[in-house]
Amino acid sequence: MDTQQPTGDSPESSAQGERRLFFSSVLAIAWVVFPPLAGTYILLRLGSIAEFLSKDIDNGWWAYVAVFALTSGLGLLPTYSQSFLGGWVFGLKWGLLGAILGFTGGAAIGYLFARFVTGTSVDRWIDRHPKGRVIRDALARGSAGRTILIITLLRLPPNSPFAITNLAFGATRVPFWQVMIATPIGMLPRTAAACLLASQIASVGAQDIATASEKSPTPVWLWVAGVLVSVAVLGVISRVANLALSQLSGGASALRLGGVVGGLLFSLYLIGYSAFVAAAAFDTFKGGAPVGGLASEAFAGVPWGIVSGMALIAGAFVLAVIYAFVERAPEGDAA
Amino acid sequence: MIYSASVLSIVVFAAFVLAVLVLSFWLGSRARSAGGYFAAHGQIGWFVNGIAFAGDYLSAASFLGICGMIAFFGYDGFLYSIGYLAGWIVALFVIAEPIKRLGKYTLADALNSRFQSRGVKVVAAIATLVISLFYLVPQMVGAGALVKPLLGLPHWAGVMMVGVAVTVIVATAGMVSTTWVQFIKGTLLVAVCSVVVWMLLQRGFAVPSAPIAADEVQRYRQSSAGLEVNGAPVSADNQLDSGLRARHGVGFGSIASLPGGVAQTGPLGPVEYIGTFSASTVTTWRKGSEPDGTTTLTPVDRAGSDLLLPGANPTFKGVRADGIVPKLDFISLMLALFLGTASLPHILIRYYTVKDAAAARKSTVVGIGAIGVFYILTLYLGIGAMTSGALDPTDTNMSAPLLARTFGEGLFAVISAVAFTTVLGTVSGLIMAGAGAVAHDLLKDAFRMELSDQQQVRAGKLAAVALGAGAIVLGILFERMNVTFLVGWAFNVAASANLPALVMLLFWRRTTKQGVIAAMAVGLVSSLGWILLSADTLEKVYGYSAAGAASSSIVPFSQPAIITVPLGFVTLVAVSLLTQPKASSQ
């Protein structure tokens with residue numbers, strides 16, 4: 001069991017501690033207020049920012065990753081608008097990769113910055129508050145696997161604030177490497193959703209969201225339905241994550257890892273199955289003729305329709321085995 | 001087409017059925033109590049139960065129906081494989097463990113665990129009976145289809161044989177023997193199909209000795225003098241494919257050209273097999289009719305790549321259309337398949353045959369593995385049947401056994417016997433579910449009849465006999481329908497009637513008994529009503545022409561789940577909120 005020990009920093013004086021606590025509070029407020037304002041600005045100026053990045057697409061991508069890391073790490077920009085920008089300019093594949101790299105860099109910067117600003121002040125403040133201590137201990141004093149799971153769950157919900165969670169991880173001294181592993185995993189679903197939506201809208205040649213619906217051959221109500229389905233799927237993920245977190249904050253004995261993992265695996269499969277049905281229905285034919293989607297060749301002359309179907313069948317078994325492994329309990333234990 | 005029976009086929013078939021019946025009688029002597037009869041004392045091991053899941057689930061629809069649909073329409077049949085398997089994810093992650101903890105013998109036990117309500121019991125029992133009957137029909141149709149080529153008997157004789165055999169199995173030993181029949185059948189099905197697929201890959205593809213011309217139309221007509229094939233009375237020497245075989249060396253369904261212009265490929269790997277098929281041209285047969293009632297079969301060459309796309313089957317043709325409404329049939333069916341598995345009563349009662357929730361979970365994982373392997377095999381079996389020159393264009397359900405016949409009578413006999421035990425296994429499970437609903441839920445709990453343990457078992461056996469008789473009648477009436485298509489309806493009804501109540505009971509604390517009753521009743525009636533008024537039913541059951549069915553139908557598409565499942569959830573939430581218990585005043 002890889003158990004975390006209390007911090008090894010030297011004790012600070014009371015005045016220093018109060019000062020650091022004040023700066024931590026200022027940082028928290030700034031990281032709550034700034035991102036939504038800046039995010040709205042980005043979405044309004046999407047067309048011109050995209051044009052700027054597209055001028056030199058290779059360097060633009062690296063610039064996007066670097067700026068993403070810096071601004072999200074310093075809590076200047078929200079992650080969803082930057083993900084959207086990535087999907088809009090670079091398409092789903094490169095936009096998603098860039099956004100995930102940016103997130104991971106941003107998490108590193110935010111974590112280290114928060115740790116520098118807060119020192120041990122927050123840790124000691126938490127020690128004086130029993131409820132906070134339970135949450136902190138659940139987060140940072142368990143095994144590595146458990147901590148990674150909690151960070152992943154905290155990152156999963158679409159409404160989870162990126163900067164403020166970095167502050168929490170840094171202030172409570174969660175091990176750095178565990179944050180680096182869990183962040184890209186937890187951020188993946190919502191980032192993929194944002195990049196996919198943006199790439200689809202951008203593919204019709206619109207300069208901003210307002211003109212996208214006019215230029216798209218897809219009826220507006222279908223866009224709305226697609227967004228609602230995405231919100232529903234992400235909502236299921238959020239619900240599972242929040243349920244798991246509420247169990248975890250109740251103490252180690254309340255954790256049923258299998259239940260949490262089962263919910264996540266189910267959500268993962270649901271997304272895959274929905275994507276498959278959507279691809280068959282909306283992305284494979286136009287005017288009765290195959291245009292892509294399941295009709296595209298995957299490899300060796302085998303179309304994506306066969307590959308994705310086989311993957312769904314084999315994937316179900318793989319997920320079932322993972323679940324059985326995580327949930328393994330002695331015979332007779334009614335779980 | 002007519003078929004002639006072989007002695008080998010009859011011997012192998014008789015041996016299989018006899019072995020199954022003997023096993024049933026032997027095991028039957030070990031289950032006397034209600035717990036033994038309805039739930040095998042909860043002592044089945046998780047691995048055996050997992051394979052029995054596969055035996056229960058891999059019905060005639062999966063084996064005969066899917067292979068037939070792939071053989072005739074390509075990828076559309078594989079969509080059923082994907083949807084059927086995906087449904088197990090819901091069963092594993094959402095339903096399996098809670099249903100084991102909440103229930104005892106039947107689905108109604110679980111649904112009623114919080115309420116002790118007669119209303120819930122009655123509605124759940126009715127839903128179980130209706131869904132089981134819907135699921136029974138295609139199994140019986142499959143049985144009838146099998147005995148025609150195997151024993152040379154008419155359709156009704158096959159239906160009668162299955163009906164009688166299964167009734168004997170269920171009425172003698174209940175869940176213990178049903179479980180072992182399903183275990184043996186599941187094992188045999190996966191093993192034998194794996195062998196056939198291996199042989200297919202070794203054989204590869206070949207083009208006929210002479211190409212089939214576009215004007216080689218084949219004709220058959222049912223007249224007062226009997227069946228006529230290409231203008232002459234049908235006989236052993238004048239079957240529908242006799243002329244084709246004489247000229248080209250193959251019957252219906254063959255490769256027109258292979259990539260690179262080669263005549264045959266030789267052995268192929270699994271990926272290579274699909275890739276080669278995709279790059280080939282396949283001779284398919286389009287059915288038509290002439291004014292005098294003659295049915296015509298016209299050869300149509302199609303690209304293999306096109307056959308590996310959805311939309312060739314009438315059920316899925318909307319996928320290729322541009323509008324959203326035509327696509328709803330496809331989306332709705334995929335939703336029903338995803339949600340329906342975890343709502344099927346005969347699958348859910350299998351969770352009561354293991355001792356605890358952990359065993360329920362493990363057996364589901366084993367079941368998913370076995371079922372997943374089989375569904376991957378269906379793609380190869382279907383493509384093999386499509387290209388081996390052995391299709392019966394009048395009967396999609398016979399594609400897999402006829403494919404086996406291209407490897408020899410022995411394999412044909414074995415696979416037909418396995419298919420027959422497939423039907424036996426699934427029908428046993430369905431009749432068990434129905435018998436439990438009648439004896440345990442309706443008579444004992446809903447009608448409050450004072451029944452001893454022995455009397456419950458006797459009532460269950462009588463119910464099994466009645467259900468078996470009903471299944472025989474329906475199996476004869478629905479002879480011409482593709483069994484997978486029929487099972488699609490059962491999934492729609494199961495998902496609409498049972499799933500909202502099951503899920504909300506497990507995950508929403510404010511669910512009330514009134515909400516459960518209303519949701520099940522609305523889901524059941526709305527899905528049934530939708531199906532009975534759909535264009536598909538008007539055409540395939542009531543005998544309307546395609547155009548007449550489309551214009552007369554009052555529902556916009558045929559698969560109801562996309563409407564009726566949400567309707568069930570909305571009903572449950574609304575009624576539950578209106579019937580919340582008043583807070584107690586300390």
Side-chain angles (χ1 to χ4, degrees), chain A residues 217 219 221-222 225 239 258-259 261-267 269-270 272-274 276-278 280-282 284-290 293-295 297 299-303 305-310 312-321 323-325 327-335, chain B residues 46 75 78-79 81-83 85-90 92-94 97 100-101 259 269 271-272 274-279 304-306 308-311 316 318-322 324 327-328 330-331 334-335 338 355-362 364-369 371-373 375-376 379:
Chain A
W221 69 266
L222 194 57
R239 175 83 177 138
V261 172
L264 292 174
L265 295 177
F266 176 74
S267 303
Y269 196 86
L270 180 62
Y273 187 76
S274 305
F276 171 79
V277 174
F282 301 110
T284 303
F285 296 98
K286 194 167 263 182
L294 301 188
E297 181 183 329
F299 58 86
V302 181
I306 298 292
V307 174
S308 52
M310 294 279 190
L312 279 171
I313 292 174
F317 181 63
V318 171
L319 296 189
V321 170
Y323 180 60
F325 178 76
E327 186 67 309
R328 64 192 185 283
E331 285 283 330
D333 176 9
Chain B
W46 57 267
Y75 191 79
F78 190 52
L79 283 171
S81 295
I82 297 164
L85 197 278
W88 279 92
I89 285 290
V90 183
L92 175 64
F93 291 126
V94 183
E97 292 171 51
K100 173 63 190 169
R101 281 198 295 269
V271 174
E272 219 180 349
I274 303 292
T276 304
F277 175 81
S278 180
S305 56
D306 190 47
L308 293 182
L309 291 175
F316 294 120
V319 171
R320 298 191 179 199
D322 282 340
I324 180 73
K327 296 177 193 293
L328 289 179
F330 163 72
I331 296 170
M334 295 308 283
L335 180 70
F338 187 62
K355 66 177 178 180
D356 55 28
R361 183 176 59 245
K362 286 181 194 172
T364 311
V365 176
V366 172
I368 289 175
I371 294 166
V373 168
Y375 281 139
I376 287 174
L379 181 66

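Every chain is numbered from 1, with letters handed out A, B, ... down the list of sequences.
Residue B:Phe277 does not touch chain A at all, counting heavy-atom pairs closer than 4.5 Å. Residue contact with chain A, scored on non-hydrogen atoms closer than 4.5 Å, is absent for B:Ala279. Looking at B:Leu79, the atoms closer than 4.5 Å to chain A (heavy atoms on both sides) all sit in the side chain, from C-beta outward. With a 4.5 angstrom heavy-atom cutoff, B:Val90 touches chain A via backbone and side-chain atoms both.
Ranked by heavy-atom pairs under 4.5 Å with chain A, the first of B:Ala86, B:Ala360, B:Gly372 is B:Ala86. In terms of non-hydrogen atom pairs under 4.5 Å with chain B, the most contact-rich of A:Ala278, A:Ala280, A:Ala289 is A:Ala280. Note on B:Ile89, B:Leu85, B:Thr276: by heavy-atom pairs under 4.5 Å with chain A, the leading option is B:Ile89. Counting heavy-atom pairs closer than 4.5 Å to chain B, the top residue among A:Val307, A:Ile306, A:Leu294 is A:Ile306. Chain B forms more heavy-atom pairs under 4.5 Å with one residue of A:Gly301, A:Ala281, A:Gly305 than with any other, namely A:Ala281.
A:Val277 is not listed as a side-chain neighbour of A:Ser274, based on a closest heavy-atom distance of 4.5 Å or more. Contact of the A:Phe317 side chain with the A:Ile313 side chain is not registered, since no non-hydrogen atoms from C-beta on lie closer than 4.5 Å. Contact of the B:Ile274 side chain with the B:Leu308 side chain is registered, since non-hydrogen atoms from C-beta on lie closer than 4.5 Å.
Closest approach of B:Val319 to B:Lys327, counting heavy atoms only: O-NZ, 3.0 Å. Counting all heavy atoms, side chain and backbone alike, B:Leu309 lies closest to A:Pro290 at CD1-CB, 3.8 Å.
Ring-plane geometry between B:Phe78 and B:Tyr75 is classed as perpendicular, the angle between the planes exceeding 60 degrees on a 0 to 90 degree scale with a lower cut at 30. Between B:Phe338 and A:Phe266, the ring planes are parallel. Angles under 30° get that label, and only those over 60° would be called perpendicular.
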